Amino acid sequence: MTDTPAPPRPPIVVLCGSTRFWDAFAEAALYETAAGRIVLAPGCNLKQPHPLWADPVRADRLKHVLDDLHLRKIDLADDVLVVNPGGYIGDSTHREITYARSLGKPIRYTHPTPDHS
């Protein structure tokens, strides 16, 4: 039996942006996956009704957990793709971009912005 080395790990990309663009996240994930990348993305859309976050107190706690979880996804990723239709970048996304930059992660954008073309 011949020992063959394992193939190299595909690059990991994390998608960041506002979940108000949930459909754009799905489209970005599709293209990134087709390009051979492992995709990490938000797993919950708190802007859509669901029993897990119907209670406002529970929703607030979950948002903090999810925000921290997303930073851990940035830790794991090789690069970041900001999903920003119309160039929109909200406060949470801006924090994630700042965090990714502090780690030296390359950052791409789905749409040009005045500060990030």
Side-chain angles (χ1 to χ4, degrees):
M1 181 170 170
T2 307
D3 287 333
T4 58
R9 175 182 60 76
I12 299 172
V13 61
V14 62
L15 306 182
C16 294
S18 173
T19 57
R20 75 177 67 177
F21 304 119
W22 197 251
D23 290 343
F25 271 98
E27 189 74 3
L30 173 70
Y31 277 92
E32 292 296 306
T33 300
R37 296 179 186 95
I38 297 169
V39 178
L40 304 176
C44 299
N45 182 357
L46 299 181
K47 293 180 177 22
Q48 293 180 348
H50 192 279
L52 283 175
W53 49 85
D55 173 56
V57 173
R58 191 171 184 192
D60 188 55
R61 272 194 303 252
L62 182 58
K63 171 138 179 46
H64 293 292
V65 168
L66 296 175
D67 288 347
D68 187 60
L69 182 63
H70 204 69
L71 295 180
R72 301 300 68 83
K73 291 177 183 181
I74 293 170
D75 291 339
L76 292 171
D78 298 310
D79 72 315
V80 173
L81 177 59
V82 178
V83 177
N84 63 322
Y88 177 81
I89 295 175
D91 292 339
S92 293
T93 304
H94 181 71
R95 278 191 302 277
E96 292 166 356
I97 292 167
T98 300
Y99 181 72
R101 281 191 182 133
S102 77
L103 299 175
K105 305 284 180 170
I107 301 171
R108 299 178 286 133
Y109 298 83
T110 58
H111 295 78
T113 66
D115 296 333
H116 312 94
S117 18

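Quick note: residue numbers are just sequence positions, from 1. Predicted model only: the values in this text are computed from it and were never measured.
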task = State plainly whether one hydrophobic cluster holds both Ile12 and Val14, where clusters connect Ile, Leu, Val, Met, Phe, Trp and Tyr through side-chain heavy atoms under 4.5 angstrom apart.
result = yes

request  = For residues Arg20 and Tyr88, determine if any side-chain heavy atom of one lies less than 4.5 Å from a side-chain heavy atom of the other.
outcome  = yes

ask   = When you check the gap from the basic side-chain N to the acidic O, do Asp75 and Arg72 get nearer than 4.0 Å?
value = yes

ask   = Closest approach of Ala28 and Leu15, non-hydrogen atoms and distance?
value = CB-CD1, 4.2 Å

inquiry  = Starting from Val83, can I reach Leu71 by hopping between I/L/V/M/F/W/Y residues whose side chains sit under 4.5 Å apart?
reply    = no

task = Answer whether the closest heavy-atom distance between the side chains of Val13 and Arg108 falls below 4.5 Å.
result = yes

inquiry  = A side-chain contact here means heavy atoms from C-beta on lying under 4.5 Å apart; do Asn84 and Phe21 qualify?
reply    = no

query = Roughly how far, to the nearest 0.5 Å, is the CD1 atom of Ile38 from the CZ atom of Arg9?
reply = 6.0 Å

message = Any heavy-atom pair between the side chains of Leu46 and Leu66 that's under 4.5 Å?
response = yes

task = Without swapping roles, check the side chain of Thr93 against the backbone of Ile89 for a donor-acceptor pair under 3.5 Å.
result = no

key: Separation between CD1 of Ile74 and CG of Asp79, rounded to the nearest 0.5 Å   = 11.5 Å

key: Check: Val82 and Ile107 side chains under 4.5 Å, non-hydrogen atoms   = yes

message = For residues Ile97 and Leu103: do they belong to one hydrophobic cluster (side chain heavy atoms under 4.5 Å, members Ile, Leu, Val, Met, Phe, Trp, Tyr)?
response = yes

request  = Could you grab the distance from atom CZ of Phe25 to atom OG of Ser18, nearest 0.5 Å is fine?
outcome  = 7.0 Å

remark   = Taking every heavy atom of Pro11 against every heavy atom of Asp78, the minimum-distance pair comes out as CA-OD2, 3.3 Å

inquiry  = What's the separation between atom CD in Glu96 and atom CG in Asp67, rounded to the nearest 0.5 Å?
reply    = 7.0 Å

request  = Of all the heavy-atom pairs spanning Ser92 and Lys63, show the shortest one and how long it is.
outcome  = OG-NZ, 3.6 Å

request  = List the atom of Asp60, the atom of His64, and the distance in Å for their closest heavy-atom pair.
outcome  = O-CD2, 3.0 Å

request  = Quick one: pull up NZ in Lys105 and OH in Tyr99 and give me the separation to the nearest 0.5 Å.
outcome  = 8.5 Å

Arg95 bridged to Asp91 by N-O distance under 4.0 Å = no

query = Is the closest side-chain heavy-atom distance between Arg101 and Val80 below 4.5 Å?
reply = no

Test item: Glu27 and Pro85 side chains (from C-beta on) under 4.5 Å apart, heavy atoms = no

message = Please determine whether side chain to side chain contact (heavy atoms under 4.5 Å, CB included) holds for the pair Leu62 and His50, giving the CA-CA distance in whole Å, both sets of side-chain angles, and the decisive distance to 0.1 Å.
response = CA-CA 12 Å; Leu62 182 58; His50 192 279; over 6 Å; no

